[in-house]
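Heads up: the structure comes next, in structure tokens.
Naming convention: chains lettered A, B, ... in sequence-line order (proteins, then strands); numbering from 1 in each chain. The basis for the numbers below is simple: all heavy atoms, side chains too, and nothing from hydrogens, waters or symmetry mates.
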Amino acid sequence: MFGLVGRAVESLYYVCVGLWTVAKHTGRAPITKEFPDTMPDLPGAFRGRLALAVNPETSEHLCISCRQCERVCPDKCIDITAHKSPETGKLELIDFKIDHGLCMFCGLCTEVCPTTCIINTNDFEMSDYSREALIYDLKKLTLTQDESAHYFSKKYLPIPKPKPKPAPKPAAAAAKPADGVAAPAKPAPPAAKPAEGAAAAKSAPAATDKPAGDAAATKPTAEKKADDSKDSEKEKAAPEPSAAEGKAEPDKTEG
Amino acid sequence: MLSKSNLQSLLFLAVAVGITLLFLTGQVGGVLSGAGLPAYKADLFAFLAIVSVAVVSLAFGGNKTMIMIGGTVTAFIVLTAFQDSMVRYMTLGAIFFAIGAYGMVASRNAVRMLMSIELMINAANINFVTFSRAVDPEHLGGQLFAIFVLTVAAAEAAVGLAIVLAIYRNMATVDMEKFNLLKW
Amino acid sequence: MEGFPQLTTWAQANVEQAVFYLLAVIAIPLAYGVVCDRNIIRSGFLLIGVFSTIAGLFILLSAQFLALAQIMIYGVGITLVVVIALMLTNPKAEKESMPALSIHKGPAIFVACFLFMCVYLALRSAENWPVKTDVAALSAAENLSRIGQSLLTNYSFHFEFASILLLAALIGAVMLAKAEPAVHDLNELSANEDKLKSSERADDVVKV
Amino acid sequence: MNPAVFEIGKFARLTVIWLSIIFGAVWAACWAVGVFAPALINASGMPTETASLASEVLRALVPVVAVAVFIPINAMFMVLCERRALALFTVRKGPNRVGPDGLLQTAADAVKLLFKEDITPHGADAVMFTAAPIIFFAPSIIGVLPLLAAASGNHELFRSVNLPTGIFYVLAIASIPVVGIVMGGWASNNKYSLVGALRSAAQAISYEIPLVLSIVAVCLMAGTLDVVKIADQQKDSLLSWNIFGGGALLPYVNLVVAGLQGNNEQVQAIMQHFQAQPLGPFAAVLMVVCCIIFFGIYITGACAEVNRIPFDLPEAESELVSGYNTEYSGIKFAIFFLAEFTNLFVVCSIASIMFLGGGHAPLPGLEQGFTEMLGGILKQLPGSKEIFSPGWLINSLVNPSTVSQAFWIILKTYSLVIFAILIRATLPRFRIDQLMAFGWKRLIPLSLILLIALTYLRELV
């Protein structure tokens, strides 16, 4: 009997403690973030909308059209159009499309990207009125220099080394004879260089002239032909827009 | 839309309501006195007329439920319209009692039987309260009796339903037809 | 309705009869529904309607306390218990079949009509009811206090006896409705307990 | 400014605005039906008999009109109040978009619900499905009528609903909604609804007993079932409230006060009274304890009756989708929602009348001062001389004592409502077997024992 009463009093006491604990919270400022008014302070690792970064220092486009992101994407939402420039022999990016309606924001593409070009931004407001509007093209995807700098610093990414400027012509000349096959023995082939820069990001800038005999450079060669033929097919199918893009893009990346 | 049986029963309803209206306006009494019969028995004649029309339309295959409900309501109005208020209440009690008796005899489900018993008990309660109002308004003996009836009915419902549940647990049915263990 | 003398007299003169017939016309179909509806759970709910209209009749008979008790005990308490009992048994089994066997219907109708005619003819033939038409009904407050006083003076024995009856009914209902596990159930139960113990032991081993 | 204080201030502002809307609407409706329309009829040159009968009918309708206006608006405010108060307790902001400070959130919700499609599920019993919300909601309108008399300080327009069986009437009517729940749950043709409905029925039947027993204890102390009389018996001060033993402690407090003041004659008189009852002080303290426990039992039973957390098993959304109202949509769902909150309000107002002194202030001076202050304010209003002249129509409804009683009763009721919200924010849900065991094995024996104890203690005090 007394045990029962004691337990009743005890449980009542704990109920009162609970009530008082909750009631004390009335005296606190609300922790609610009112979203459209105040944007949430998201961490750098947040996986939001995909975007293509430019070099935050030189503002050159980081994509090297290596198609690794396209291959790794489980949803097949990335679609890269590139062709081999006849002058330089390098791959030139014509269009880069990501269907955000398909994307599941797994972040695998950002993992494999050798140049840290494709990144997850903190932007998550992508709602639109049609599914077609969710397919972002190169223009929509490419970040400005300031935005790139912001995300590079936020994600603690190393700043990639700029592409060597004074070497367009020799590189083009060198690339012409060796059309289909990459030249691993040649010193500093420009096509492989940005990849090198990303892979060896922490090495000193002096190491740029290292010969590109690594796996990063040699592996893509096997698939290059197939890619090229695919690209030419695509160009045939839709020549005009891609040509326009191709014209527009180099200007943008240069400037 | 209207099936034949529904049409039959609607026809019956119209006739019954007509008889009731004739009775309420005093026409039936006039007819009776014209025929040399005592006019104060007009309500019984109207009642018999309604019953016979009901039987005829039942024989022609009318909707039974509609005919029974309509017949009872009109017969009730005919039988009580010119009576004392006390007789009115007690006639309603008698109707509840009769319906309860019908349910008790005819229903197969044990729980429905219990519900019919509750209906009969309530019919008795109406009578008690009516007597209390009309005969004994100072001492309220009828109301007190009704209160005790309420108590006993509550106890009866609890025990009865417990028995029904126990039977259901043993025999997996509440059908009265199947409770034939005590045959001989 | 104190404070509205004119309204009260008007209502007594005109409304009472109309309300009585309204309640009767509602109640009779509901009562038929209780005994005839194919769906027995619906007839359980209709029973609530019947009891509520009877509570209305009690108010017309100026038995306010009884009307409220009727709503509280009958209309809600008993009927809900009935409905729950219906749901605990298998109402679907009855839903398909007829509510009554046709072999029972004829005698049942005869019994019902006979009972009704007996009561009604008795009512009609009795000439000398000791009716006190001149006495006004007690007011609600007086009614209440009169009932309370009677229950604790003249009817105190009945009152106590009713409480004993209720207690006995409560215990009896609990005993009847309590499920006694059958023998094979008991076996299963002990087997389960064994399993439970062994699994607990297994947990202990894992923890260690 | 401290943001927490700012949030509480916003909540208070919202409450004041809503309450003034509610009472403005109720007052306007009462005035139109009970004062203006009869005056119009009298002026219209009808025959005197008919005119006075018609105006009596209209005046008799005033309580019904008041309740019919009060309940929907009040339920809308209670939903908002609950959401805002929960937000305060859980350090959030709550609805704050629709209208200033989210003032119109529930109005918008109500409009939305009214325009939603009204779906009757396949295989449902259509008649019962439609009748269930009505049976659930109608009792909350007709059940509060006797409480109006107490809430308005027995104003002449509301006197007619003051039944001698007042609190019994309220309890009897308040037991009906569970029928609506069971009906709706069964008629929905959904097993979750049915399980929720059955749980609700079991819970309501079990917890009604301790609830009624605690009310019986109050009636025992008051010696009447009339809510106005019960409220008036508690008008002296805080100590005469039923929660504090209904004045059991008053003589002892008076003795102490008299002793401190040195009023020897009074001390002598009271001491003589004590010599007749030597166990008096002891019994009085025990009685106060009993009454406080009864209040706790009442609050517990009331929470269970209206299906509030921690007793919201009928609509336990983690187990039963939404319980008995799973299949309801549109206006029927709105009615269920409305009635749930109205029932909460009704049980809280019963508690404030039965236990917390009804429309009377905690201290006698406070009430008098408040009434006088109100009278002063009313006289300061522009055109007050015309308003208070006997011929003018407004006069009969603006009565300082009525306003003061309504103010206090609303204050107490809403304090209890916010306490219920605090309980909701704190306690987790019971399990069904715990719930039934708690009801039958703890609360009912406890309340029976306390009731017997109270009858003896009452003689000893």
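Each of A:L19, A:T21, A:V15 was evaluated against D:T426; a single residue qualifies, A:L19, per the side chain to side chain contact (heavy atoms under 4.5 Å, CB included) test.
Between A:H25 and D:L88 there is no side-chain heavy-atom pair separated by less than 4.5 Å.
More than 12 heavy atoms of other residues, nucleotides or ligands shown are found within 6.0 angstrom of CZ on A:F105. When the shell of 6.0 Å around CZ of A:R131 is examined, it contains 12 or fewer heavy atoms from other residues, nucleotides or ligands. Annotation for A:K97: atom NZ does not count as buried by contact number, only 12 or fewer foreign heavy atoms lying within 6.0 Å. Atom NZ of D:K441 has 12 or fewer heavy atoms from other residues, nucleotides or ligands within 6.0 Å.
Contact annotation for D:L446: neither backbone nor side-chain heavy atoms come within less than 4.5 Å of a heavy atom of chain A. Heavy atoms closer than 4.5 Å to chain A are found in both the backbone and the side chain of D:L422. Contacts between D:F11 and chain A at a heavy-atom distance below 4.5 Å are absent for every atom of the residue.
Applying a 4.5 Å heavy-atom cutoff, the residues of residues 31-44 of chain A that approach chain D are A:I31, A:T32, A:E34, A:D37.
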